[in-house]
Amino acid sequence: MALVLYNTLTKRKEPLEPLHKDKIGIYVCGVTVYDQSHLGHAKSAINFDVIVRWLRHRGYDVKHVTNFTDVDDKIIARANEIGIDPLKLSQRMIDEYFGDMDALRIRRASVYPKASDTMEDIIRMVQGLIDKGYAYESNGSVYFSVRKAKEYGKLSRQNLDQMQAGARIEPGEDKQNPMDFALWKAAKPGEIAWDSPWGKGRPGWHIECSAMCLKHIGKTVDIHGGGTELIFPHHENEILQSEAYNDAPFVRYWMHNGLLTIDQEKMSKSLKNFFLIKDILGKHTPGTVRFYLLNAQYSQPLDYNEKSLEEAGKALERLQNTYSSMKAVLTTSKGTDDASELCEKAAKDFEAKMDDDFSTREAIAVMYDLSREANKLLSDGKLSQKGAQNVIDVFDKFNSIFDVLVETQRTGEDLSGKLVDLLLEMREEARERKDFAQADTIRKRLAELGIEIQDTQDGAVWKRK
RNA sequence: GCCGGGAUGACAGAGUGGCCAUGUGGCGGACUGCAGAUCCGUACACGGGAGUUCAAAUCUCCCUCCCGGCCCCA
């Protein structure tokens, strides 16, 4: 069955058909690095992390490009406040960003271009747009002329005339039309600037993405992603620039992730209602955070609150327990049922849900069903060792995409493992002679050492926490 | 004002024209020396109003409310 995904451009789910058979170029708008990352950034990054992992799992050769906007008004303002070079500030924030993302086990993109490294390409593109008559220079700045665009608003379905009537944007002093947007901004005195044919200045916000897509992927990118708040004007303007410059369709599939809200409002730096990733990770494991964020369809908004994050942690523990139990009985289970039918069905259902626009929430539900059935077989003493392995295989596949489970496999082969086995034998003897005080002491002392014991019908099993 | 997305049980969050989402939490059981884990059963639902249909939470229309976008933002 084909993989389908929701395309914001056409407003429907479409089968994925990359431009070049098995290769996919995906560009995801990154962050403006003027401050630390919050949970909303994590949502976007994790959503696309899973999407890319799934595409790779399906056999595609994926080139994933995510940019850093390292030159912009906010960075300049912040750098001035603290008195450092803007590019130093942005580099520092990039380092922080990678620290957070690595902690959340987000796989790195193939390339992370920065606006400041892409300057030649940006200037070439701006000049090209002027040469083709789509853009004009005015007092050292360059603007894209929206009236020259063949189609305006095809992504966001905005109508130029209505927008102006409704928004009543005052024309900027250098603009011919209020909806024109800057491709190149003339430098103000003292600002960081690059040389260009129009004097010193720096790129407008939208042009870097167009230039990076062209440079790192090509005229047409298969998938372009970002948060829903970027649809207008950012992505709309990218389309105008790129299609005018390249004379080719810019993007085949537009994917937008829903925003993280808090008390029903968008989490954002400007609203000051954000939680930093590093603060959240002080209270919750990376697995819990990932699981929480993947508990909703990527395209839907998700309302954050501490309680639902805790719930996600408990819910995840359920899957973790099953996984750990299966590992624990891998060489001891005595049943005869290899659970193959069950596991094949789960694996198939999981694939189908992920293939349906990356429906992580439903894919998780499949895992719960598998969990329940597997636990039942285990507690009835029916599960075979092969069966435990089959269940583990499905969980491993799930985890290769979601990356939320931790290895709790007993390491019984080394000395410490053998010592734990010995203690469990002694505890078993204590229990047989009803010396529960002794048995409980052993359990308690081992727990203090990070070894968790659970009594099952087939005897006690243990794992490292 | 214009554009887009929503409204589902205590909470979180799926989905489909007729059958159970799922998880957390409740309640009642099973198992157990105790813990823990696990399993079984159970209650609680589809914003409001009209229509289509044998059948609608699921399709159509209207209404209400919420969120996002229209300066920056994942």
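Chain A is the first sequence line, chain B the second, and so forth, proteins listed ahead of strands; every chain is numbered from 1.
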Engineer: Over all strands shown, is A:Leu260 touching base, sugar-phosphate only, or nothing at heavy-atom distances under 4.0 angstrom?
Structural biologist: base

Engineer: Just call it for A:Leu316: base, sugar-phosphate, or nothing, with non-hydrogen atoms closer than 4.0 Å on any strand.
Structural biologist: nothing

Engineer: Using whole Å, what does the distance between atom C1' of nucleotide B:C71 and atom OH of A:Tyr143 come to?
Structural biologist: 14 Å

Engineer: Heavy atoms under 4.0 Å, any strand shown: does A:Gly40 hit a base, just sugar-phosphate, or nothing?
Structural biologist: base

Engineer: Taking A:Glu191 first and then A:Arg202, would you say they form a salt bridge - that is, a charged N and a carboxylate O separated by under 4.0 Å?
Structural biologist: yes

Engineer: With rounding to whole Å, what would you report as the distance between B:G68 and B:A74 at their P atoms?
Structural biologist: 16 Å

Engineer: Once you round it to whole Å, what is the distance between P of B:C2 and CE of A:Met179?
Structural biologist: 16 Å

Engineer: Does A:Asn305 or A:Tyr6 map to a spot on RNA chain B nearer the 5' end, using the closest nucleotide for each?
Structural biologist: A:Tyr6

Engineer: From C-beta outward on A:Ser308, which listed nucleotide comes closest to its side chain: B:A74, B:G4, B:A12?
Structural biologist: B:A12

Engineer: Hey, does the side chain of A:Lys314 come within less than 4.0 Å of B:A12's phosphate (OP1/OP2), counting only N and O?
Structural biologist: no

Engineer: Classify A:Gly153 by what it touches in the nucleic acid, base, sugar-phosphate, or nothing, heavy-atom distance under 4.0 Å.
Structural biologist: nothing

Engineer: Base, sugar-phosphate, or nothing for A:Ala365, non-hydrogen atoms under 4.0 angstrom?
Structural biologist: base

Engineer: Quick one: look up who B:C59 pairs with, Watson-Crick or G-U, both distances under 3.5 Å, and put none if it's unpaired.
Structural biologist: B:G51

Engineer: Can you measure A:Asn295 atom CG to B:G23 atom P for me and round it to whole angstrom units?
Structural biologist: 12 Å

Engineer: Sort out the partner of B:G17 for me: Watson-Crick or G-U wobble, both distances under 3.5 Å, none otherwise.
Structural biologist: none

Engineer: Below 30° counts as parallel, above 60° as perpendicular, anything between as tilted: where do the rings of A:Phe398 and A:Phe350 land?
Structural biologist: perpendicular

Engineer: What do you reckon, are the aromatic ring centroids of A:Phe48 and A:His64 less than 6.0 Å apart?
Structural biologist: no

Engineer: Give me the distance, rounded to whole Å, that separates B:C19 from B:G29 when you measure between the C1' atoms they each carry.
Structural biologist: 26 Å

Engineer: Using the P atom in both, what is the distance from B:C46 to B:C20, to the nearest Å?
Structural biologist: 15 Å

Engineer: Rounded to the nearest Å, what distance is computed from the NZ atom of residue A:Lys43 to the P atom of nucleotide B:G68?
Structural biologist: 14 Å

Engineer: Can you tell me how far NZ of A:Lys13 sits from CG of A:Asn7, rounded to the nearest 0.5 angstrom?
Structural biologist: 13.0 Å

Engineer: Using atom NZ of A:Lys266 as one end and atom P of B:C72 as the other, report the distance to the nearest whole Å.
Structural biologist: 11 Å

Engineer: Classify the angle between the aromatic ring planes of A:Tyr27 and A:His224 as parallel (below 30°), tilted (30 to 60°) or perpendicular (above 60°).
Structural biologist: tilted

Engineer: Given that both distances must come in under 3.5 Å, which nucleotide forms a Watson-Crick or G-U wobble pair with B:G33?
Structural biologist: none

Engineer: Angle between ring planes, A:Tyr298 versus A:Phe358, binned at 30° and 60°: parallel, tilted or perpendicular?
Structural biologist: perpendicular

Engineer: Could a donor-acceptor pair under 3.5 angstrom be found where the side chain of A:Asp455 meets the base of B:C34?
Structural biologist: yes

Engineer: For the residue pair A:Gln91 and A:Asp95, confirm or rule out a side-chain donor-acceptor distance under 3.5 Å.
Structural biologist: yes

Engineer: Regarding B:C39, can its base be found pairing with the side chain of A:Lys376 as donor and acceptor, where the two atoms are less than 3.5 Å apart?
Structural biologist: no

Engineer: Let's see if you can work this out: which of B:G33, B:C11, B:A74 has an atom nearest to the side-chain heavy atoms of A:Asp440?
Structural biologist: B:G33

Engineer: Among B:C72, B:A74, B:G33, find the nucleotide with the atom closest to the side chain of A:Ala439.
Structural biologist: B:G33

Engineer: For A:Asn257 and B:A74, is the shortest distance between a side-chain N/O and OP1 or OP2 below 4.0 Å?
Structural biologist: no

Engineer: Using the aromatic ring of A:Phe232 (for Trp, its six-membered ring), decide whether it stacks on the base of B:G69 within the limits of 5.5 Å and 30°.
Structural biologist: no

Engineer: Name the pairing partner of B:C70, where a pair is Watson-Crick or G-U wobble with both distances under 3.5 Å, or state none.
Structural biologist: B:G1

Engineer: What is the base-pairing partner of B:G28, counting Watson-Crick and G-U wobble geometry with both distances under 3.5 Å?
Structural biologist: B:C40

Engineer: Describe the nucleic acid contact of A:Lys11 in one word from base, sugar-phosphate, nothing, applying a heavy-atom distance below 4.0 Å.
Structural biologist: sugar-phosphate

Engineer: CZ/A:Phe395 to CE/A:Met326 distance, rounded to the nearest 0.5 angstrom?
Structural biologist: 7.5 Å

Engineer: Does B:U64 pair with anything, Watson-Crick or G-U wobble, both distances under 3.5 Å, and if so, with which nucleotide?
Structural biologist: B:A7

Engineer: Using the C1' atoms only, state how far B:C61 lies from B:G23, rounded to an integer number of Å.
Structural biologist: 36 Å

Engineer: Tell which nucleotide pairs with B:A45, taking only Watson-Crick or G-U wobble pairs whose two distances are both under 3.5 angstrom.
Structural biologist: none

Engineer: OP1 or OP2 of B:A74 sitting under 4.0 Å from any side-chain N/O of A:Thr32?
Structural biologist: yes

Engineer: Could you state the atom-to-atom distance from CD1 of A:Ile262 to P of B:G68 in whole Å?
Structural biologist: 13 Å

Engineer: Does a donor on one side chain sit under 3.5 Å from an acceptor on the other, for A:Asp338 and A:Ser384?
Structural biologist: no

Engineer: From B:A12, B:G69, B:G5, pick the nucleotide closest to the side chain of A:Gln300?
Structural biologist: B:G5

Engineer: Looking at A:Phe144, A:Phe232, A:Phe181, A:Tyr143, which one forms a ring-ring contact (aromatic ring centres under 6.0 Å, His included) with A:His206?
Structural biologist: A:Phe181

Engineer: Measuring from the side chain of A:Glu311 (C-beta onward, heavy atoms only), which nucleotide among B:A21, B:C11, B:C39 has the closest atom?
Structural biologist: B:C11

Engineer: Can you tell me how far C1' in B:A57 sits from the matching atom in B:A7, rounded to whole Å?
Structural biologist: 12 Å

Engineer: Provide the Watson-Crick or G-U wobble partner of B:A12, both distances under 3.5 Å; none if there is no partner.
Structural biologist: B:U22

Engineer: Using the C1' atom on both, measure B:G41 against B:G36 and round to a whole Å.
Structural biologist: 22 Å

Engineer: Does A:Asp72 reach a base, just sugar-phosphate, or nothing at all? Heavy atoms under 4.0 Å.
Structural biologist: nothing

Engineer: Can you tell me how far C1' in B:G13 sits from the matching atom in B:A50, rounded to whole Å?
Structural biologist: 30 Å

Engineer: Assign A:Arg361 to base, sugar-phosphate, or nothing according to its heavy-atom contacts below 4.0 angstrom with the strands shown.
Structural biologist: base

Engineer: Given B:G33, B:C11, B:A14, identify the nucleotide with an atom nearest to the side chain of A:Phe436.
Structural biologist: B:G33

Engineer: Looking across every strand, which nucleic acid part, if any, lies under 4.0 Å from A:Met367 by heavy atom: base, sugar-phosphate, or nothing?
Structural biologist: nothing

Engineer: Nearest to the side chain of A:Asn321 - B:C70, B:G15, B:U38?
Structural biologist: B:U38

Engineer: Does the side chain of A:Arg372 get closer than 4.0 angstrom to OP1 or OP2 of B:A37 through an N or O atom?
Structural biologist: no

Engineer: Looking at B:G5, B:G68, B:C11, which one has an atom nearest to any side-chain atom of A:Lys307?
Structural biologist: B:C11

Engineer: Taking the C1' atom of each, how far is B:G17 from B:A10, in whole Å?
Structural biologist: 29 Å

Engineer: Expressed as a whole number of angstroms, how long is the span from A:Leu259:CG to B:G6:P?
Structural biologist: 14 Å

Engineer: In terms of side-chain heavy atoms of A:Glu362, which of B:U22, B:G68, B:G15 is nearest?
Structural biologist: B:G15

Engineer: Out of B:G15, B:A37, B:A74, which nucleotide sits closest to the side chain of A:Gln454?
Structural biologist: B:A37

Engineer: Within this structure, what is the NZ-to-P distance between A:Lys382 and B:C39, rounded to whole angstrom?
Structural biologist: 14 Å

Engineer: Is the phosphate of B:G23, meaning OP1 or OP2, less than 4.0 Å from a side-chain N or O of A:Arg318?
Structural biologist: yes

